[in-house]
Amino acid sequence: MAGTCGSIETSGFSAIASRNGREARYLGGLRPGAAADYRWLAKHGGVRWLFLTHRDHTNHHAELASRFPGCRRILGAADVNLRENKYMPSTGDVEIKPGNELGPLSLEGESLSREAAKEAEIMLLPQPGHTPGSLCLLYRRRFLFTGDHLSYSRFLGQLVAHRLQCWEDWERQIRWVRYLLAAAEAGWLRFAWVLPGHGEWARLPGEGSAAETAAELRRVITSMEQKPKGHTPLGRWILYVQSRMAPEKTLGRAVRAIGGGSDAWVLPRGARSSLTDFDPDETRVALRRLYVLGAAALLAAAGTAWLTARRDMSALSGRS
């Protein structure tokens with residue numbers, strides 16, 4: 001699973017292939033037009049399921065489904081996009097649309113008991129917060145595919161969640177990570193590997209026991225609780241990324257001119273603190289500058305409207 005939020009680059013997914021009733025799995029990302037990947041999947045029996053972690057990691061799902069008739073695509077119901085837009089394809093025809101059930105699910109979206117979860121080779125774990133319908137997939141109770149929900153920081157030496165890229169609600173995301181913690185404390189959830197949509201795939205310290213999984217989740221919850229509430233609107237994130245990726249273009253120059261060389265002002269207050277180069281003083285000056293420019297624009301518009309109305313009144317008076 002590789003890609004960039006907002007579909008600035010290629011979105012990712014996991015494919016699970018099957019041949020002659022015996023499953024051969026391809027758990028990873030596919031690129032558009034990746035002929036070698038498609039040949040490998042076809043050689044191993046095709047694709048039974050296509051797991052999509054969340055709504056902005058769904059590019060090329062239709063291409064793969066058309067190549068493998070009978071493939072059943074999985075995407076959280078709350079993340080289904082009925083109309084294609086600039087950043088996300090339509091996903092209304094996805095076959096399996098799990099809701100945000102408080103419990104483990106099968107690949108068909110059916111609820112699993114805790115006892116069944118202990119034996120399940122593959123299960124889905126709804127984890128809304130980053131997006132309304134984010135899903136994780138647990139394989140063999142060792143490999144957790146997380147999309148953009150959680151990843152591992154080698155610098156911090158622990159699991160992390162990304163406040164800056166939280167599109168829906170940070171508090172909700174924390175609540176659902178707490179549910180993972182409760183599942184690990186109850187003994188039916190454990191994993192040794194974290195495989196995110198962004199960043200490195202990493203093996204966690206230890207043997208991946210339920211107790212060790214719970215300890216890792218407690219650490220990430222503590223760090224999440226120290227960050228501001230709220231979310232980052234996707235439109236503002238895209239504006240920030242586009243201005244940062246191409247600072248020499250008109251948009252990038254305009255953003256930095258308003259910000260006095262900074263682009264942090266584009267983001268909401270709660271998200272700015274996650275930037276490594278965030279300067280609160282620069283952002284305050286940038287916002288004052290933006291308010292002044294906005295007020296000047298409003299005054300100019302009001303003045304233009306007043307002059308136009310006065311000219312029209314004068315013209316009417318002249319006719320009479």
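Note that the structure is predicted; figures quoted are calculated from it, not measured.
Residues passing the side-chain contact (heavy atoms from CB on, under 4.5 Å) test with Glu207 are Arg203, Glu212, sequence neighbours excluded. Residues meeting the side-chain contact (heavy atoms from CB on, under 4.5 Å) test with Arg219, sequence neighbours left out: Gln158, Glu216. Among residues two or more places apart in sequence or in another chain, the side-chain contact (heavy atoms from CB on, under 4.5 Å) test is passed with Val194 by Thr146, Leu159, Phe191, Pro196, Leu204. A search for ring-ring contact (aromatic ring centres under 6.0 Å, His included) contacts involving Tyr152 returns nothing, not counting sequence neighbours. Arg218 pairs by the side-chain contact (heavy atoms from CB on, under 4.5 Å) definition with Leu181, Glu185, Ala214, Ala215, not counting sequence neighbours.
Ring planes of Trp201 and Phe145: perpendicular class, angle over 60° (limits at 30 and 60°).
Using a 4.0 Å cut-off between a side-chain N of Lys or Arg and a carboxylate O of Asp or Glu, Arg67 and Glu63 qualify as a salt bridge. Taking a cutoff of 4.0 Å between a charged side-chain nitrogen and a carboxylate oxygen, Arg154 and Glu200 qualify as a salt bridge.
Under a hydrophobic clustering in which Ile, Leu, Val, Met, Phe, Trp and Tyr are joined whenever their side-chain heavy atoms come within less than 4.5 Å, directly or via other members, Leu144 and Val160 fall into different clusters. Linking Ile, Leu, Val, Met, Phe, Trp and Tyr whenever their side-chain heavy atoms come within less than 4.5 Å puts Ile258 and Met245 in one cluster. Residues Phe143 and Leu112 are members of separate hydrophobic clusters, defined by side-chain heavy-atom contacts under 4.5 angstrom among Ile, Leu, Val, Met, Phe, Trp and Tyr. No chain of hydrophobic side-chain contacts below 4.5 Å, direct or via other Ile, Leu, Val, Met, Phe, Trp or Tyr residues, connects Leu125 to Tyr139. Both Leu124 and Leu195 are members of a single hydrophobic cluster when ILVMFWY side chains are connected at heavy-atom separations under 4.5 Å.
Checking side-chain atoms of Gln127 against main-chain N and O of Trp176 turns up a donor-acceptor pair under 3.5 Å. Between the side chain of Trp188 and the backbone N or O of Ala116, no donor-acceptor pair lies under 3.5 Å. Looking only at distances, no side-chain donor or acceptor of Lys227 sits under 3.5 Å from a matching main-chain atom of His162. Side-chain atoms of Thr91 never come within 3.5 Å of backbone atoms of Val94 as a donor-acceptor pair (strictly under, hydrogens ignored). Using modelled atom types, no side-chain atom of Asp148 and backbone atom of Asp56 make a donor-acceptor pair closer than 3.5 Å.
If you run salt bridge (Lys or Arg N to Asp or Glu O under 4.0 Å) between Asp263 and each of Arg236, Arg272, Arg253, Arg256, only Arg256 comes through.
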**OP:** Start with the C-alpha distance between His57 and His198, add both sets of side-chain angles, then the distance that settles side chain to side chain contact (heavy atoms under 4.5 Å, CB included), and finish with yes or no.
**Re:** CA-CA 11 Å; His57 277 205; His198 302 282; 3.3 Å; yes

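Trp237 has its side chain within reach of Leu164: a pair of non-hydrogen atoms, C-beta onward, lies under 4.5 Å apart. Taking the side chain as every heavy atom from C-beta outward, Trp170 and Ile174 approach each other to under 4.5 Å. Between Arg175 and Tyr179, every side-chain heavy-atom pair lies at or beyond the 4.5 Å cut-off. Within the 4.5 Å cutoff, the side chain of Pro98 has heavy atoms near those of the Leu135 side chain.
Shown here is Glu119, whose CD atom has no more than 12 heavy atoms of other residues, nucleotides or ligands within 6.0 Å.
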Enumerate donor-acceptor pairs with a distance under 3.5 Å from any side-chain N or O in residues 70-80 to protein atoms, sequence neighbours excluded.
unit_1, atom_1, unit_2, atom_2, d
Arg72, NE, Glu108, OE1, 3.3
Arg72, NE, Glu108, OE2, 3.2
Arg72, NH2, Glu108, OE1, 2.7
Arg73, NE, Glu95, OE1, 3.0
Arg73, NH1, His61, ND1, 3.1
Arg73, NH2, Asp93, O, 3.1
Arg73, NH2, Glu95, OE2, 2.9
Asp79, OD1, Thr131, OG1, 3.3
Asp79, OD1, Gly133, N, 2.7
Asp79, OD2, Arg55, N, 3.0
Asp79, OD2, Thr131, OG1, 2.6

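At a cut-off of 3.5 Å, with distance as the only test, no side-chain donor of Glu168 or His231 sits close to an acceptor on the other residue.
Of all heavy-atom pairs between Pro126 and Gly99, the closest is CG-O, 3.7 Å.
Under the 6.0 Å cut-off for aromatic ring centres, Trp167 and His130 qualify, their centroids lying closer than that.
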